[in-house]
Structure formats: C-alpha cells, structure tokens
Amino acid sequence: MSPPRVLTIAGSDSGGGAGIQADLKTFLSLGTYGLSVLTALTAQNTTGVSAIHACPSEFVLQQFDSVASDIEIDAVKVGMLCNHDIVAALASRLRDWKASSDSHGGSGVPVVLDPVMVSTSGSLLLSEGAIETLIQDLLPLCTILTPNLPEARQLLKYAAKFTSHQSGPRERELAQSNEMTELPQMMAAAKSIAQLGPKAVLVKGGHAKLNRPQIESWLEGLDTGSELAGVNGAVITRRGNVTAIRTDRIPHSHVLDETSSQGNPQMVVCDVLYQQTDDAEGSYVLFIKPLIASTATHGTGCTLSSALAASLAQGHSLVRSTSIAITYVQNAIANGIQDLGKGPGPLDHSYPFQPRGLITDSPDSSTASPFALLRSLISNSIDVWTAFVQHPFVLGLADGSLSREAFEWFMKQDYLFLRHYARIWAQAAASPDNTFEEVSTLAGMAQAMAEEAKLHLQICHDSLGMSASQLEHETMESAATLAYTRFVLDTARSGDTLELLVAVSPCMVGYAQVGLWLQQHRKQGIDKDFAAWIDAYAGSDFQDAAKKAMLLIEAKAARDPPSPERLRKLQKTWNAACRLEAGMWDEAVEPSLRRLVLEP
Ligand SMILES: Cc1ncc(COP(=O)(O)O)c(N)n1
C-alpha cells in the first residue's frame, strides 16, 4: 500500500517555512510520499534571504535521474529554479522524461509549476535572464501554472511577445496596470497566460482584496440563478463557462484573534482557475473565500502548489485538487505560526492533526505507525474533514454564539441518532471475526453511547421538560438523522466489519477531536449546557473509549491490510460519513434546511 509519490523540484529554505521544507510537510499531511530535487540552498529565516547557493545544473539533473530511474512518480511540483542553466537543463530533462512516461501508456504525469520569482521578503529567486527560458521551455510542459498577481503581471509582459494571438495590447495594458485587482482583469490575465503553454492557470488572488458585494453583484449579472449544489458548505453556481465556488466559512484559528481574522467579512479573496478547452473560450472556476488577515503567510505559494500536486497524485481532478489545495492553505494560514522568529511566520502545515494529542501521539510506542489508517483517511479528506470538525456549530459552542434553539434541536436529533448508533456498535461487537477483547471494546462503545445519551436526556428534560419516553416515542426524526443512520445501517448489512467501523469512525474520532479542541478554545462564561456537552466529549470516559476503538480499527486493518481498491472504498465511506455528520449540524444551525420526515 505505497502512498502516491510526489516530487518537488525546488530550493531549500533553512528557516523551514517555504521551499522544499514546506513542500515535504504538505505532502506528508495530505497522505502522500514526498521526494525532493534541490535546485538551490538559501540562507533564510523569517526576516529574509541572506544568501543563495545555486546547485550546478548537472547536479540538479543527477538528483532527478537518481529518483526518476528508481521510483515511479505520480506528480511533480516545481518551485524555485534560481537561474537560467537550471531552468534550461530541467526543461529538457522533463520533456524527455514526460515523453517517455507518456509513451508507456500513461496519460502523463501532472506537473504543477509555481513560477517563484521574488520572495515575500523581496529577494530575487529567479534571475532576470531565466524568465524567458522558463516561459519558452518549461510552461508548455506543465499541467497547471500557479502565479500570484505580481508573477502574473511579469508573465503578461511576455505573453504578447511569445504568442501569436490577437490580444497583445490587452496584455500590455493588464501588465502595466499595477492594479490588477478586479475580477474580470484577473480572468483575462489567466487566459492570456494560458496562451504561453500550460493546460491550466490558477491566478492566485491573495494580493487583491475584493469587495464581497461587488463580486456578488458581478456574479449575479452572470448567473441564471442556477445554484448547482452546496458542497462542504460551499455554494456552487454556474453560467456558461464560469463556475463560482463561494465559501463564507472563516477557518477557525487558534492564533488569530477574532477581530483580525473576521475583521471585515465584506472583504474576499478570489483565485481564478482557467482551463483550456477544445473551443477557444476555455472554462473558468472562481474560488471565492473570506480574506484572512494574517501576517504568518510565509510559504503560502509553495504550500498551495504542493497541495495541488499531492491531490493530483491522489487521482483527484484538477478542479477538486485546486479546491483541496485552497482549503488546506486557508486553514494552514489561519493557524499560522506567528511567533517563530522576528519576522512574518510560516503556515502551520500540521493543522489537520490539531489538537495534537488525539491522533498524533503514539498510544503505544511499539507500534511503528499508530493510527495509520485513520491518518490516511483524514489526510485524504482534508476539506470534508475540516468542514465537519470546524463546523459553525462547533465554533458557536466555543464562543457561545450558538443559539439555544439550535443546540436543543440538535440534542433531540442526536438523542434519536445515538440509539441507532449504539445498536450499530453492538452489531459490530457481534461480528464473528472479533477477538474476545474486541467484543468487549465494541460493546464498550455501545455502552459509552448510552452514557452519552444521558446528558442529552438531562438537557432535554431540564430545558424542554421532555421525558425519555417522549424523546423516543414522540419525536420525529429529521432527514439528516435518518440519512446518517440509514447509511451506517446499510454499511453494516454489507457484512464488512472494517468498513462498518470506518463508517462509524468520523463520529467517534471527530467528536473526540472536537471535544479536545473545544476544551482548549472555549470562552469563559458560555452556556452551562454547552460546557457540559464539551466536558462530556473531552472527558476521559469518552476519550478512552474512543481511543480503544481507534486502536481496534487499526489492529483490524493491520491484520488484513486493505488493497488499494478496498482502501478507495473505505475512503468513500469515510467521506460520506463525515458529510452526513456535518449535515446534522447544518440542520441545527440553519433552520431552513430542517426536514422532519420520520414519525416515531
Ligand atoms: C526556497 C524558497 N522557495 C520559495 C520561496 C517563496 O516563498 P515566499 O513567497 O513565501 O517567501 C522562498 N522564500 N524560498
């Protein structure tokens, strides 16, 4: 079960925040295996770059040949290339390598190119003379190019020179305007840059703060109102060749104070993805999300392009990979390490495994890879997982802004859910392949659910005057509760114990994670029932039962290691369960989504 392999060809940042260091951390947290070819060493810290030592281009190729002749590579990310010699040597090698791997029946290894030119701190990371070679030799080989706005401006200066298409003056006009801060301009720029050869271009809008009402009205002019879907809290609309994916969710941050991260909800950032299509029009996907006002953004470009390459290596489409990469970066920025050195800090690449303690700590030092399966399931569902464990319901519990009414709605539905959930654990306990100890652990989870339900009962009794019998026999079940329980019961019927355990895991692992997180981040003076809820999930009874069950899942997976195909199926089951979990909280916080469907 070797993970997908991703190669970074980039420079080293001795400060650890950008370059190959950022790339390898990103690869690891997105469930891939990282390889690296170094182009240059930088003496760098949070305050800037003090020296650069370029590798001889022959040595860059030697590293590449060594890796590529032995290890099958699923995606490549290219970052800092330093000088003309390295660009030229690499372009020639990548062209031959891609041609030979394509001729072996492959559809081509995706190459993500981050055209690193100048560091955030102002140092030149690509010599002037290398840009033309990069454009002429390297861009045509790449699947996607990911310039930020200053880099896009640079590239546009060359677009007119190297392409035969008609819109030369337009490029010059765009390149000269230092204010490429309007969405239509960014879209035009992405399309022009694509003429230079890459199949797709992602113009990153981080340097342009856009105004939400303006964007909304621009999109409305475009929309026929065809709202396609809400996926992971995003609203997707499409008109013609423009798809817009809008999220309002501000990633939770344990480092930024609310005033800075939520300072102005009217400000958004938009990344523009342009893909070449068979007709001349191409297609656009706009990723619109809240601006996070943080200074800890060192390594953002490296991280985004690496996350994109890792997701492509996992087999995701370009649009989904872009969406995963953006989600990863948003959250890693929101959790940026502010106080690492004297200058702007780096992102926190390890945020998916926060709070440290649940899944990162080895419960048993004799296990080489504790929680290997659960880590891989989380790593491969970062966007879905984050939408669940940092749901507005959870954030509302932390700062007390959740309404009592939403909380009580959820308590009633969760009470109904828990009865089924306890049945499912009991069913898993009865599986014929269980050891004696496993029967006891799984039955213990059923018992833990019964304990958990007592809290629900008490809250419903004290605030709504409801008895257990009223809850069980007079409460209608909502669509989200029914959907989740039916999904898990169907999985149980398939008879595959590991799959059943994966279906119930997000609830257990997620609540254990959410409980620990809330314990650290809840505000003083929140509602006493919110506090009791947090105490229940952060408490040792629930945490211990969850940890035991997690170890059991890992033991089962280790005993009968899933094939790649089975792993894909388990991942789908996990993803669905995460979405269904979040769906129950969606109903709580958004009354218009509630549907009571099943009479008791
Ligand atoms: C080795 C290396 N590669 C890339 C960057 C750009 O990153 P940033 O724009 O965040 O400074 C960097 N500073 N160092």
Side-chain angles (χ1 to χ4, degrees), residues 8-13 15 17-20 22-23 38-44 48-55 57 60 76-91 94 111-142 144-162 171-172 174-178 180 186 189-190 192-198 201-208 271-272 297-306 308-309 329 344:
T8 169
I9 304 175
S12 158
D13 168 5
I20 55 144
D23 299 344
L38 280 149
T39 55
L41 312 180
T42 69
Q44 184 172 180
V49 180
S50 53
I52 298 179
H53 180 73
C55 291
S57 58
V60 173
V76 179
K77 171 249 154 94
V78 183
M80 172 182 176
L81 292 177
C82 204
N83 61 35
H84 169 270
D85 283 0
I86 296 176
V87 175
L90 203 67
L94 276 179
V111 176
V112 180
L113 178 64
D114 181 19
V116 176
M117 294 177 189
V118 180
S119 75
T120 311
S121 53
S123 296
L124 199 63
L125 301 179
L126 183 70
S127 56
E128 287 279 355
I131 297 181
E132 293 204 0
T133 319
L134 179 108
I135 291 175
Q136 282 184 301
D137 296 355
L138 213 46
L139 292 204
L141 300 175
C142 63
I144 178 162
L145 178 74
T146 62
N148 58 25
L149 289 177
E151 289 157 354
R153 240 173 255 131
Q154 280 292 325
L155 292 166
L156 281 171
K157 286 190 187 152
Y158 295 89
K161 183 167 168 190
F162 289 114
E171 270 88 64
R172 274 196 294 279
L174 282 171
Q176 276 154 11
S177 87
N178 266 337
M180 203 208 295
M186 286 165 59
S192 298
I193 294 168
Q195 312 287 339
L196 293 169
V201 176
L202 178 71
V203 172
K204 298 172 292 188
H207 292 79
D271 296 331
V272 175
T297 55
H298 175 50
T300 303
C302 305
T303 303
L304 184 103
S305 50
S306 303
L308 231 167
V329 168

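Keep in mind that what you see is a predicted model, and the values were worked out from it rather than measured.
Minimum interatomic distance between L196 and P198 (heavy atoms only, all atoms of both residues): C-CD, 3.5 Å. Across L141 and A91, no two heavy atoms sit closer than the pair CD1-O, 3.5 Å. Contact between N83 and A130 at its shortest, heavy atoms only, is C-CB, 3.7 Å. Residues L38 and G11 come closest through the heavy atom pair CD2-C, 4.1 Å. Between Q44 and S12 the shortest heavy-atom distance is NE2-O, 4.5 Å. The heavy-atom pair separating A54 from C82 by the smallest distance is CB-SG, 3.7 Å.
Looking at V118 and S123, their side chains never come closer than 4.5 Å, going by heavy atoms from C-beta outward. Looking only at side-chain heavy atoms (C-beta outward), K77 and C302 come within less than 4.5 Å of each other. Counting only heavy atoms from C-beta outward, the side chains of M117 and L155 approach each other to under 4.5 Å. Put simply, the side chain of I193 reaches to within 4.5 Å of the side chain of L156, judged on heavy atoms. Here the side chains of T303 and D23 are not in contact, with every heavy-atom distance at 4.5 Å or above. Proximity of M186 to L149: side-chain heavy atoms (C-beta onward) are separated by under 4.5 Å at one or more points. Annotation: side chain of V76 is not in contact with side chain of V112 (no heavy-atom distance under 4.5 Å). Between T146 and L308 the shortest side-chain heavy-atom distance falls below 4.5 Å.
Interatomic distance, CG of L125 versus CG of L81, reported as 10.5 Å (0.5 Å rounding). One finds the NZ atom of K204 at 5.0 Å from the CG atom of N148 (value rounded to the nearest 0.5 Å). Rounding to the nearest 0.5 Å gives a distance of 12.0 Å between CE of M80 and OG1 of T8.
Judged purely by atom type and a 3.5 angstrom limit, T297 has no side-chain atom pairing as donor or acceptor with the backbone of T300. Side chain of D13 to main chain of A18: a donor-acceptor pair is present (N/O by atom type, distance under 3.5 Å, no hydrogens or angles). Remark: the backbone N or O of I52 is not paired with any side-chain donor or acceptor of T42 at under 3.5 angstrom.
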Evaluate the side chain to side chain donor-acceptor pair (under 3.5 Å) criterion for residues D85 and S57: first the C-alpha distance (whole Å), next the side-chain angles of each, then the deciding distance (0.1 Å), finally the verdict. CA-CA 6 Å; D85 283 0; S57 58; 4.9 Å; no
When you look at D114 and E151, which way does the side-chain contact (heavy atoms from CB on, under 4.5 Å) test go after all the steps? CA-CA 10 Å; D114 181 19; E151 289 157 354; 4.2 Å; yes
Show your working on side-chain contact (heavy atoms from CB on, under 4.5 Å) between I144 and L113 and close with a plain yes or no. CA-CA 6 Å; I144 178 162; L113 178 64; over 6 Å; no
Please assess V78 against V111 for the test side-chain contact (heavy atoms from CB on, under 4.5 Å), listing each intermediate value before the final yes or no. CA-CA 7 Å; V78 183; V111 176; 4.1 Å; yes
For C55 and T39, what are the C-alpha separation, side-chain angles and deciding distance, and is it a side-chain contact (heavy atoms from CB on, under 4.5 Å)? CA-CA 5 Å; C55 291; T39 55; 5.7 Å; no
Under 3.5 Å, sequence neighbours excluded: what are the donor-acceptor pairs made by side chains of residues 131-139?
unit_1	atom_1	unit_2	atom_2	d
E132	OE2	K161	NZ	2.8
T133	OG1	H84	NE2	3.3

